[in-house]
There are 2 protein chains.
Amino acid sequence: MTHAGEVVRVRRTLLERIVGGDFPPGVRLPAETDLAGELGCGRSTVREALGQLATLGVVASRRGSGAHVLDWRREGSPALLPYYLSLPSALADAPRLLGELLRMRRLLASEAVRLATRYADDAAIASVRRALEGSDGAVDPVAHAMRELEIFRQLVVSSGIWPAVWFANAFWAPMRELHGLLAPLAGGPPGDYETAMSRLFDHVAARDEARALAHLDRWLDKVDRELETRLVHAFGSATPPATPSKLRIKPRRKSAAPKAASSKRSRS
Amino acid sequence: MTHAGEVVRVRRTLLERIVGGDFPPGVRLPAETDLAGELGCGRSTVREALGQLATLGVVASRRGSGAHVLDWRREGSPALLPYYLSLPSALADAPRLLGELLRMRRLLASEAVRLATRYADDAAIASVRRALEGSDGAVDPVAHAMRELEIFRQLVVSSGIWPAVWFANAFWAPMRELHGLLAPLAGGPPGDYETAMSRLFDHVAARDEARALAHLDRWLDKVDRELETRLVHAFGSATPPATPSKLRIKPRRKSAAPKAASSKRSRS
DNA sequence: CGAGATTTGTACGTATGTATA
DNA sequence: TTATACATACGTACAAATCTC
């Protein structure tokens, strides 16, 4: 971690000072040239770091004025999630947070299944299914979590609704990080994972939206419940998830939900 | 428009060539120095433009190799939406696209109301309500659309579930662009807008989640229906003949008709 | 209100490291 | 192994917006 480049070092330093309270929202940061001198780097490096912080929604720069710290809790981007989760203040209401994050995951998965059921052609569905079956045997919890996320993303891709795909892409990156954190606690795939997914794909291939969504809902109920008990086991009584599976409802029409986007600033 | 800076010009040129098919997914772009010479700018400018295209999910650069065009339909980010909507191929299935985008809006609004109802304290709800009432009188369609979006975002903020806020932020930017396109066609706020919103806030303040969501659902039903008729009126039969006259329909299958766009970006 | 100082925005250049072909 | 090409970092110069006195 110590050898990640000057820009990364400068960005981390500034971000730590900001979330740590040294630079509270509203204050003006020192001039770029001053920061360069203070941090021992060139102004271009400071600018690159500030640019990345700007895409995180943490600072904003204006000509003649300077770089001001934003109210990052209110103006931030999804990429802040991993930073936020490492703060003590986030741990304070971890239960509520985890419940809401699981709900987001559920909404995303539902939308993925709905889109695929409604719009994907047979070949696309079969292709995603092959990808699922072709990579089983993996027992590493993190690898399993990533694969599961990718399956749902591929379902969105199969629908060919490209804007939905792009929103999914934006959601998936922070979700991946979250899964990377939770997976070691959640453990590997349940024993009936292959069976459950296979049945889900049966419903999707049959264009039976109602059954597909119901099956997914039951499956996630079970998975979330298991995750909860394991977390309680790991943390003691610290994390009761507040996930009401009040997600299906809706007497008629409509069902689940997608969401938003983020951006990053680095190449390769 | 003509004086937006070299980077913007270079980015736009490259993006047009890519989405236009000159550089199909998979091909390697010319070297940065070659592009700089060809486009009449410095290599740094080319790099900045390529960096922005990389954040859009359009290209990826690797050391020693070069910048390769990605499958941007599958790997893109939400910021691609305005560019995509300006393509003829997007217009082809505009009805389906608009239906799905309206569905996303509905899901987001529902989640906003739910989060506020569940977590926001009285002061926060009252604050959002004041913001709503304090800015009425605006009849400009675009201004109204932006204000409406902002109200729902503020509802999420009021919940204090910051990760949800960040996801909302990311989603809101492209949504704003979409609204900017549709608003002039949709017209200003309906006559009963204030009343409907006021009632919605009553339910939220009373923590009546069921009534709040039901009220919102009915309201959006009405709004979407009006939008549909106005779009049909505006476009008549001028756009794809494949568009059935029935634009909404609730059980399955959605439709309507959007249009094209462009966008800009900068820091500060 | 105006003038000058401050600060960021933009563009380009150079040098060196490093991965790829 | 060598040549190519990108990644990274620092620097310069000037333009443009803002702030301050």
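All chains are named by letter (A, B, ...) in the order of the sequence lines, taking the proteins before the strands, and each is independently numbered beginning at 1.
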Q: Show your working on side chain to side chain contact (heavy atoms under 4.5 Å, CB included) between B/Asn169 and B/Trp172 and close with a plain yes or no.
A: CA-CA 5 Å; B/Asn169 287 344; B/Trp172 246 250; 5.7 Å; no
Q: Before giving the answer on side chain to side chain contact (heavy atoms under 4.5 Å, CB included), spell out for A/Val58 and A/Leu15 the whole-Å C-alpha distance, their side-chain angles and the decisive distance to 0.1 Å.
A: CA-CA 8 Å; A/Val58 168; A/Leu15 186 54; 4.2 Å; yes
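Between the P atom of C/dT8 and the CG atom of A/Leu35 lies a distance of 8 Å, rounded to the nearest Å. The distance from atom CG of B/Leu39 to atom P of C/dT10 is 18 Å, rounded to the nearest whole Å. If you measure from atom CD of B/Glu6 to atom P of C/dG13, you get 12 Å, rounded to the nearest angstrom. Computed from coordinates, the A/Glu32 CD to D/dT12 C1' distance equals 15 Å when rounded to whole Å. Distance, B/Arg9 CZ to C/dT10 P: 15 Å, rounded to whole Å. Spacing between atom CD of A/Glu48 and atom P of D/dA9 amounts to 9 Å, rounded to whole angstrom units. Distance B/Arg43 CZ to D/dA9 C1': 12 Å, rounded to the nearest Å. When rounded to the nearest whole Å, the span between CG of A/Leu50 and P of C/dT8 equals 8 Å.
Using modelled atom types and a 3.5 Å distance limit, the side chains of B/Tyr119 and A/Glu100 yield a donor-acceptor pair. Checked by atom type, the side-chain pair B/His179/B/Arg176 shows no donor-acceptor distance below 3.5 Å.
Residue-to-nucleotide proximity on DNA chain D shows that, of A/Gly64 and B/Ser65, the 5′-proximal contact is made by B/Ser65.
Residue contacts for A/Gly42: at a heavy-atom cut-off of 4.0 Å it reaches the sugar-phosphate backbone alone, with no base atom in range. Across all strands shown, B/Ser44 has heavy atoms under 4.0 Å from base atoms, whether or not it also approaches the sugar-phosphate.
When the side-chain nitrogen and oxygen atoms of B/Arg47 are compared with OP1 and OP2 of D/dA7, one or more of them lie within a distance under 4.0 Å. For D/dC19, the OP1/OP2 oxygens have a side-chain nitrogen or oxygen of A/Arg62 closer than 4.0 Å. Checking the phosphate oxygens (OP1, OP2) of C/dC12, a side-chain nitrogen or oxygen of B/Thr45 falls inside 4.0 Å. Regarding contacts with the backbone of D/dC19, every side-chain N or O of A/Arg63 stays at 4.0 angstrom or more from both OP1 and OP2.
Considering only side-chain atoms of A/Cys41, the nucleotide from D/dC10, D/dC6, C/dG9 that sits closest is D/dC10.
Put simply, the side chain of B/Met197 reaches to within 4.5 Å of the side chain of B/Leu132, judged on heavy atoms.
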